[in-house]
Amino acid sequence: MALAKLGAVVLDCPDPRALAGFYAEILGGTVEGEGEWVDLKVPGGQPLAFQAAEGFVPPQWPSPEKSQQFHLDLVVDDLDAAEQGVLALGAKPLAQEGGSSFRVYADPAGHPFCLCAC
């Protein structure tokens with residue numbers, strides 16, 4: 001028997017509303033809230049939440065000294081099309097070459113995420 005259920009995945013960042021908007025453009029959904037805490041209600045999935053963090057320092061990938069702590073795997077039908085979309089939204093590639101099964105990026109606040117072929 002489970003002791004709890006997942007409420008949300010929460011990302012620290014300097015601008016919660018902006019980062020929620022970035023992920024809303026990728027995943028769809030509704031951005032709710034202002035200020036220190038903003039939620040992204042994702043259709044058919046668990047919500048993402050974004051929390052203001054004073055002095056936020058983004059992780060570096062790959063780096064054992066500044067570990068990424070976690071990352072999001074986002075499943076897509078077309079890696080090339082999804083890549084163009086996330087780059088247009090402000091993502092930055094973290095790997096030198098595009099792979100055929102997954103590709104690694106940083107969101108505008110520096111959190112690593114992967115686009116994964118389904």
Side-chain angles (χ1 to χ4, degrees):
M1 173 189 271
L3 296 176
K5 67 178 186 171
L6 180 64
V9 173
V10 182
L11 286 79
D12 286 356
C13 59
D15 185 344
R17 185 98 182 148
L19 195 57
F22 171 82
Y23 282 105
E25 289 292 328
I26 297 170
L27 300 170
T30 305
V31 176
E32 299 177 0
E34 296 288 336
E36 301 288 311
W37 184 279
V38 175
D39 291 311
L40 173 59
K41 306 293 183 178
V42 180
Q46 291 296 106
L48 288 175
F50 305 87
Q51 158 177 285
E54 188 175 326
F56 173 76
V57 176
Q60 292 182 0
W61 182 91
S63 172
E65 294 83 30
K66 294 184 181 177
S67 173
Q68 66 179 329
Q69 303 298 316
F70 81 99
H71 69 275
L72 300 173
D73 282 349
L74 308 177
V75 177
V76 299
D77 292 324
D78 182 331
L79 275 174
D80 293 330
E83 177 176 63
Q84 292 307 309
V86 300
L87 293 175
L89 292 169
K92 304 221 179 331
L94 293 179
Q96 294 295 325
E97 298 178 19
S100 61
S101 63
F102 73 95
R103 298 177 190 168
V104 185
Y105 306 87
D107 68 24
H111 303 101
F113 71 95
C114 295
L115 296 177
C116 303
C118 57

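Values below: all heavy atoms of this structure, side chains included; hydrogens, waters and symmetry mates excluded.
With sequence neighbours left out, Glu34 forms a salt bridge (Lys or Arg N to Asp or Glu O under 4.0 Å) with Arg17. Annotation: side-chain contact (heavy atoms from CB on, under 4.5 Å) contacts of Glu36 (sequence neighbours excluded): Ala52. With sequence neighbours left out, the side chain to side chain donor-acceptor pair (under 3.5 Å) criterion links Asp73 to His71. The side chain to side chain donor-acceptor pair (under 3.5 Å) check on Asp78 picks up nothing, with sequence neighbours excluded.
Annotation for Val38 and Ala20: closest pair CG1-CB, 3.7 Å, computed over non-hydrogen atoms. Between Pro47 and Lys41, the shortest heavy-atom contact is CB-CD, 4.4 Å. Of all heavy-atom pairs spanning Cys13 and Leu19, the tightest one is CB-CD2, 3.6 Å. Scanning both residues, Ala82 and Val76, for their nearest heavy atoms gives CB-CG1, 3.7 Å. Between Asp39 and Ala49, the closest heavy-atom pair is OD1-CB, 3.5 Å.
By the rule that hydrophobic residues join a cluster once side-chain heavy atoms approach within less than 4.5 Å of another member, Trp37 and Leu11 end up as members of separate clusters. Tracing side-chain contacts under 4.5 Å through hydrophobic residues (I, L, V, M, F, W, Y), one never reaches Leu89 starting from Val75; they form parts of separate clusters. In the hydrophobic clustering of this structure, Phe22 does not group with Phe56; members are Ile, Leu, Val, Met, Phe, Trp, Tyr whose side-chain heavy atoms approach within less than 4.5 Å, directly or through other members.
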Quick one: side chains of residues 104-118, donor-acceptor pairs under 3.5 Å with protein atoms, not counting sequence neighbours, listed by atom name and distance.
{"unit_1": "Tyr105", "atom_1": "OH", "unit_2": "Glu83", "atom_2": "OE2", "d": "2.8"}
{"unit_1": "Asp107", "atom_1": "OD1", "unit_2": "Ala109", "atom_2": "N", "d": "2.8"}
{"unit_1": "Asp107", "atom_1": "OD1", "unit_2": "Gly110", "atom_2": "N", "d": "2.9"}
{"unit_1": "Asp107", "atom_1": "OD1", "unit_2": "His111", "atom_2": "N", "d": "3.0"}
{"unit_1": "Asp107", "atom_1": "OD1", "unit_2": "His111", "atom_2": "ND1", "d": "3.4"}
{"unit_1": "Asp107", "atom_1": "OD2", "unit_2": "Tyr23", "atom_2": "OH", "d": "2.8"}
{"unit_1": "Asp107", "atom_1": "OD2", "unit_2": "His111", "atom_2": "ND1", "d": "3.0"}
{"unit_1": "His111", "atom_1": "NE2", "unit_2": "Asp12", "atom_2": "O", "d": "2.7"}

Open item on the list: Using side chain to side chain contact (heavy atoms under 4.5 Å, CB included), reason through Leu27 and Leu48 one step at a time and then give a plain yes or no.
Closed with: CA-CA 10 Å; Leu27 300 170; Leu48 288 175; 3.9 Å; yes

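Side-chain contact between Leu87 and Pro93 is present, with heavy atoms from C-beta onward closer than 4.5 Å.
Applying the salt bridge (Lys or Arg N to Asp or Glu O under 4.0 Å) definition to pairs two or more places apart or across chains, none involves residues 46-59.
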